[in-house]
Visitor: 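What follows is a single structure, and I will ask about it in a moment.
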2 protein chains.
Amino acid sequence: MVERGVDHVSSTELAVVVGVNPATLRRDLSQLGSYGTRGSGYEVERLLGQVGRALAVDRDWPVVIVGVGNLGRALARSEGFGSGGFRVAVLADVNPAVVGTEVGGVAVEPLERLEAACQREQIAIGVITTPARASQSVAERLIAAGVRSILNFAPVVLSVPSGVVVRQVDLSAELQVLTFYRSRPPGGPPIQKARAKAPKQTRRSP
Amino acid sequence: MVERGVDHVSSTELAVVVGVNPATLRRDLSQLGSYGTRGSGYEVERLLGQVGRALAVDRDWPVVIVGVGNLGRALARSEGFGSGGFRVAVLADVNPAVVGTEVGGVAVEPLERLEAACQREQIAIGVITTPARASQSVAERLIAAGVRSILNFAPVVLSVPSGVVVRQVDLSAELQVLTFYRSRPPGGPPIQKARAKAPKQTRRSP
DNA sequence: AGTTGTGAACTCGTTCACAGCA
DNA sequence: TGCTGTGAACGAGTTCACAACT
């Protein structure tokens, strides 16, 4: 909207875009401290700044990507970095063939130097794009190096100490959500119960 | 658990693994039609089958991946396919350099043949891994070709007709969730209100 | 007139707690 | 005895509806 030169927007317009109820949207934004103007709505640029601050996007967040395969490479070059202070500061991989090569202007470190590199660059966020079998051990090493936030693309539930936040991005889980919706149209019948049940007794006080 | 030879599991054990309350887990599973045994818990293998059926993972789900860059390639070869009847049936790209090459045993089609290929393979799910600017048009073409479920990796909110389910996977959104948690420790203070407020007037009828 | 911010009502998912069954 | 399935209590988040303000 900033790009399009829009300077005010109402809760209703925003709500349509994100697909929620206007009241919900207003209540959520009011948590940021009431930045709308009655009668004309929210000033787009100011709102953007406020939301950015709430998400702490105005800081610099150096990120390490462990695992420079296709996925790691895709993320390192992705449009997602750049927006919001995220910055690929360290890349690491076991494979000697990729160690030393550059991806998006960052040289790939050998896995042995993972901890050192993370500490040097004050890494706050670790992204794991290794094969599944390596992910738990990588997570442990990241945590040992002081990383407290992990984004894991390997299809493995990481076990981590409390205080460490993990987000899981799992292709097959996403696909399953799609097939789940597809196979159960909204308003369709509930899943078949296994046992025959006696017709529901109404048990309401008269 | 099946692999480890575990044959029964209680709601409490499962709840610990997934990090929810045992009662919640039982209620959720009971939607599948009561497959636990009182006294001994759920039979692992049977439960797996039931959950699989509920998620419609026992069917074959041919998938198209549009955009065979690093990300598309990573997904095509990913461990996520194979588990649950997902199968990469079509790959498509605009880039003549990749058209005709094989990724994971599937030849890349030119984008012009997208619709034809989707119809030929009875595609149910489309995965969009193109650059952001291409994603809306790809989505429209997929929908025209009969695809009703879309998994979009481009950082763009797709607008689609009702009846089409879209899931968005967005790196920068995931990172922002991490920084949000990081900058607001649980139990920490709420976000600062902007304006000084008069002490709250109680306005309650006496 | 138009739109926010928010008490109050409401909704729906979560959790308790226990009867019922293996 | 152990654990499920579920009615009932609970509570967090959603929505209504309107006073307050521009």
Side-chain angles (χ1 to χ4, degrees), chain A residues 1 6-48 50-51 54 177 180 184 186-187 190-206, chain B residues 1 6-51 54 177 180-181 184 186-187 190-206:
Chain A
M1 286 178 176
V6 179
D7 52 68
H8 284 84
V9 63
S10 72
S11 61
T12 308
E13 294 171 278
L14 280 175
V16 168
V17 176
V18 292
V20 302
N21 181 295
T24 299
L25 195 134
R26 286 204 300 279
R27 197 176 288 276
D28 287 356
L29 290 186
S30 79
Q31 286 296 313
L32 311 181
S34 306
Y35 291 96
T37 311
R38 290 167 193 223
S40 71
Y42 298 86
E43 204 211 310
V44 171
E45 203 141 356
R46 192 175 177 198
L47 183 59
L48 189 62
Q50 286 305 327
V51 172
V177 172
F180 178 75
R184 309 186 68 225
I191 289 178
Q192 200 74 35
K193 283 279 182 177
R195 327 176 191 173
K197 288 228 155 178
K200 208 163 214 126
Q201 291 289 346
T202 331
R203 198 177 313 160
R204 201 175 293 278
S205 41
Chain B
M1 285 178 176
V6 179
D7 54 67
H8 283 85
V9 63
S10 71
S11 61
T12 309
E13 295 171 276
L14 279 177
V16 168
V17 177
V18 292
V20 300
N21 182 293
T24 299
L25 195 135
R26 286 204 298 281
R27 196 175 287 277
D28 287 356
L29 290 185
S30 79
Q31 286 296 312
L32 311 183
S34 307
Y35 291 96
T37 312
R38 291 165 194 221
S40 71
Y42 298 86
E43 204 211 310
V44 170
E45 203 140 357
R46 192 175 178 199
L47 183 59
L48 189 62
Q50 286 306 327
V51 172
V177 173
F180 178 76
Y181 283 128
R184 310 188 65 224
I191 290 177
Q192 199 76 35
K193 283 280 180 175
R195 331 180 186 168
K197 288 227 156 179
K200 209 163 214 130
Q201 292 288 345
T202 334
R203 199 177 316 161
R204 202 174 295 276
S205 42

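Order of the sequence lines sets the chain letters (A, B, ...), proteins ahead of strands, with each chain counted from 1.
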Visitor: For the side chain of Arg38(A) and the base of dT4(C), is some donor closer than 3.5 Å to an acceptor across the two?
Guide: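 Side chain to base: pair present.
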Visitor: Expressed as a whole number of angstroms, how long is the span from Glu43(A):CD to dT4(C):P?
Guide: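 Glu43(A) atom CD is separated from dT4(C) atom P by 14 Å.
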Visitor: Could you check how far CD of Gln31(B) sits from C1' of dG13(C), rounded to whole Å?
Guide: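 That distance rounds to 12 Å.
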Visitor: Looking at Tyr42(B), I'd like to know whether one of its side-chain N or O atoms comes within less than 4.0 Å of OP1 or OP2 on dG5(D).
Guide: yes
Visitor: Under a 4.0 Å heavy-atom cut-off, which of residues 6-15 of chain B touch DNA chain D?
Guide: Ser10(B), Ser11(B)
Visitor: Nearest-Å distance, CZ (Arg46(A)) to P (dT4(C))?
Guide: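 Interatomic distance, CZ of Arg46(A) to P of dT4(C): 14 Å.
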Visitor: Of all residues at least two apart in sequence or in a different chain, which pass the side-chain contact (heavy atoms from CB on, under 4.5 Å) check with Arg46(B)?
Guide: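 With neighbours one apart ignored, the set is Tyr35(B), Glu43(B).
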Visitor: Less than 3.5 Å apart, which donor and acceptor atoms pair up between the side chains of residues 12-26 of chain B and the rest of the protein, not counting sequence neighbours?
Guide:
unit_1, atom_1, unit_2, atom_2, d
Glu13(B), OE1, Ser10(B), N, 2.8
Glu13(B), OE1, Ser10(B), OG, 3.2
Asn21(B), OD1, Ala23(B), N, 2.7
Arg26(B), NH1, Ser11(B), OG, 3.0

Visitor: For Leu32(A) and dT4(C), give me the distance from atom CG to atom P, rounded to whole Å.
Guide: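 These atoms are roughly 14 Å apart.
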Visitor: For the helix from dA1(C)-dT22(D) to dA22(C)-dT1(D), how many degrees between its two end axes (five pairs per end), to the nearest 10°?
Guide: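 About 10° separates the two local helix axes.
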Visitor: What are the two closest heavy atoms between Met1(A) and Val44(A), and how far apart are they?
Guide: CB-CG1, 3.9 Å
Visitor: Tabulated below should be each protein N or O lying under 3.5 Å from an N or O of nucleotides 12-16 of chain D; please produce it.
Guide:
unit_1, atom_1, unit_2, atom_2, d
dT15(D), OP2, Thr24(A), OG1, 2.9
dT15(D), O4, Arg27(A), NE, 3.0
dT15(D), O4, Arg27(A), NH2, 2.9
dC16(D), OP2, Asn21(A), ND2, 3.1

